[in-house]
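No hydrogens, no waters, no symmetry mates; every other heavy atom, side chains included, goes into these values. Whatever order the structure lists them in is the order used to number ligands and atoms, beginning at 1.
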Amino acid sequence: MDTPAIRDRTILVTGGAGFIGSHLVDALTPQNEVRVLDDFTTGDRTHLSDDATVIEGDIRDPIALQRAARGVDLIFHHAALVSVAQSVDEPRQSNRTNLEASLLVLEQARQEDARVVVASSAAVYGHPDELPVSETAGIEPTSPYGVQKGALDRYTRLYEELYGLPTVALRYFNVYGPRQRGPYSGVISTFIEQARADKPITIEGDGQQSRDFVHVRDVVRANLRAATTDAVGEAYNIGTGTRTAIADLAETIRDATGSTSPVVHREPRVGDIRHSGADVSKASRELGFDARIGLESGIRSLVGASEPAGQDAGTVREPHSEPESHS
Ligand code: UD1
C-alpha cells in the first residue's frame with residue numbers, strides 16, 4: 001500500500017532532531033508547517049531540515065510545550081530518554097521525561113484537539129513468552145524504561161477512550177539507519193563502526209540471541225500511516241517479522257564493509273532479552289503497514305551512505321542504492 005501524502009498540516013515533532021524524529025521531519029517538510037521541539041541533549045541540529053521551525057526546549061517545560069503545540073493538528077511524540085541503562089540507574093529522572101512529560105504532551109493534544117502518534121517500544125513486553133510477540137501479549141517490562149513506555153502506551157489508548165482523542169502508539173522493535181550514533185545507538189551502528197575501523201566486532205554472549213531489525217525509513221512510513229488511519233486508540237508492533245541472530249548480523253556487516261575485523265565474544269549483557277521478534281499482522285491488517293527494507297539491503301545502503309547532511313533525508317531518498325522491497 002502506498003504511503004499516504006500528508007500536506008498542508010501544522011505538525012509538531014517532539015524530539016524532532018533525534019534519530020527517528022529527524023527522518024520524520026524530512027518526510028513532512030516542506031509540504032507541511034513542521035515544528036520541532038528538542039532540547040538537543042542528544043538531537044543534532046545538522047540533521048534538521050531548514051524548512052522546520054525549531055523550538056529549543058525541554059518537553060518537561062509546559063510553557064515550551066504550549067508554545068510549540070499552539071494551533072497544531074498533529075503531534076508525533078518522539079522525545080524521550082532512550083537509554084534503558086540510564087532508566088535503571090535513575091528511574092525517577094527517566095520517568096519525568098518518558099512518562100510525566102508525555103502526559104503533558106497528551107494533555108496539550110487534548111487542548112488543541114490534535115491527533116497524537118507516540119513512540120512506544122518492544123521493551124513493554126520484557127521477555128516475551130511467545131514468538132513472534134503480538135500486541136495481545138502481556139505487558140511485562142523488565143526495566144523502568146519499559147514500564148514508562150508501557151504506561152504511555154496505555155495512556156495513549158485511554159485518551160482515545162475517555163476523551164475521543166485520535167491516538168496511536170507504535171511499538172518499535174530494533175530500529176536502525178542513518179544518523180543513529182552515540183552511546184545508546186544500538187548494535188548495528190556499533191558493529192559498523194568497529195568494522196570500518198578494522199577493530200574487533202564485539203558480540204555479547206554466544207551471539208545466538210536474535211532481534212527484529214527495522215529500518216528507520218520503514219518506521220517513518222509507519223508513522224505516516226498512523227497519522228491518517230481510522231484505526232485509532234490502538235498500539236501496533238512496528239518491525240519486519242523477521243528475526244536475525246547477532247552472530248549472523250556481525251557476519252553480514254563484516255561482508256558489507258569488506259572489513260578484516262575479527263569477531264570476538266565477550267560477557268553477555270546482564271538482563272539481555274534472548275529473542276525479540278514482532279508479530280506484524282495487526283499493523284499490516286489495520287494500519288496497512290508492511291516493512292519493505294530487508295536487513296541486508298538496509299545495511300548495504302547504510303554502509304555505502306555518505307555522512308548524513310541536513311537533507312540526506314534517508315526517509316524518502318537514499319544517497320546510493322535504493323533498498324529493495326520485499327513486501
Ligand atoms: C533495543 C532498544 C531499546 C529497547 C529494546 C526493547 C536499541 C538501540 N535499543 O534494545 O531501546 O528498549 O530494544 O526490546 O534499539 N550487542 C552485542 N554487541 C554490542 C552491542 C549489542 O552483541 O556491541 C547485542 C546485545 O547484547 C543484544 C543485541 O546485540 O543482545 C541488541 O542490543 P541493542 O542494539 O543494544 O538493542 P536491545 O538491547 O535489543
Per-atom contact, atom 8 (C) of ligand 1, protein heavy atoms, under 4.0 angstrom: yes

Would you mind telling me if ligand 1 is within reach of the side chain of Thr190, the backbone, both or neither, using heavy atoms under 4.0 Å? side chain

Tell me whether atom 39 (O) of ligand 1 lies less than 4.0 Å from at least one protein heavy-atom position. yes

Identity and separation of the nearest protein heavy atom to atom 10 (O) of ligand 1: Asn174 ND2, 4.1 Å

Pi-cation contact, Phe289 with Arg225 (under 6.0 Å, within 45°): no

Closest to atom 25 (C) of ligand 1 among protein heavy atoms sits Glu204 OE1, 3.3 Å

Should the proximity of Tyr125 to ligand 1, defined as any heavy atom under 4.0 Å, be assigned to the side chain, the backbone, both, or neither? neither

Using 30° and 60° as the class boundaries, would you call the ring planes of Tyr176 and His215 parallel, tilted or perpendicular? perpendicular

Checking heavy atoms under 4.0 Å, the part of Ser121 that sits near ligand 1 is side chain

Asp212 side chain to Ala278 backbone, donor-acceptor under 3.5 Å: yes

What residue and atom, counting heavy atoms only, is the protein's closest point to atom 21 (C) of ligand 1, and at what distance? Arg269 NH2, 3.4 Å

Closest approach of any protein heavy atom to atom 34 (O) of ligand 1, naming residue and atom: Val187 N, 2.8 Å

Name the closest protein heavy atom to atom 28 (C) of ligand 1, giving the residue it belongs to and the distance to 0.1 Å. Ile246 CD1, 3.7 Å

Geometric cation-pi criterion, Arg45 with Phe40: 6.0 Å, 45°: yes

Among His47, Arg179, His78, which one satisfies side chain to side chain donor-acceptor pair (under 3.5 Å) with Ser22? Arg179

Under a 4.0 Å heavy-atom limit, does Phe173 contact ligand 1 with its side chain, its backbone, both, or neither? neither

Please could you name the atoms of ligand 1 that Gly186 approaches to less than 4.0 Å, counting only its heavy atoms? 8 (C), 34 (O)

Quick note on ligand 1: atoms under 4.0 Å from a heavy atom of Val84 include exactly 12 (O)

Taking Pro141's backbone N and O only, do any of them form a donor-acceptor pair with Lys149's side chain (distance below 3.5 Å, no angle check)? no

Parallel, tilted or perpendicular: rings of Tyr159 and Tyr155 (30°, 60°): perpendicular

So is Ser276 polar-close to ligand 1, meaning N/O to N/O under 3.5 Å? no

Mind checking whether Arg211 contacts ligand 1 via backbone (N, CA, C, O), side chain (CB onward), both or neither, at a 4.0 Å heavy-atom cut-off? side chain

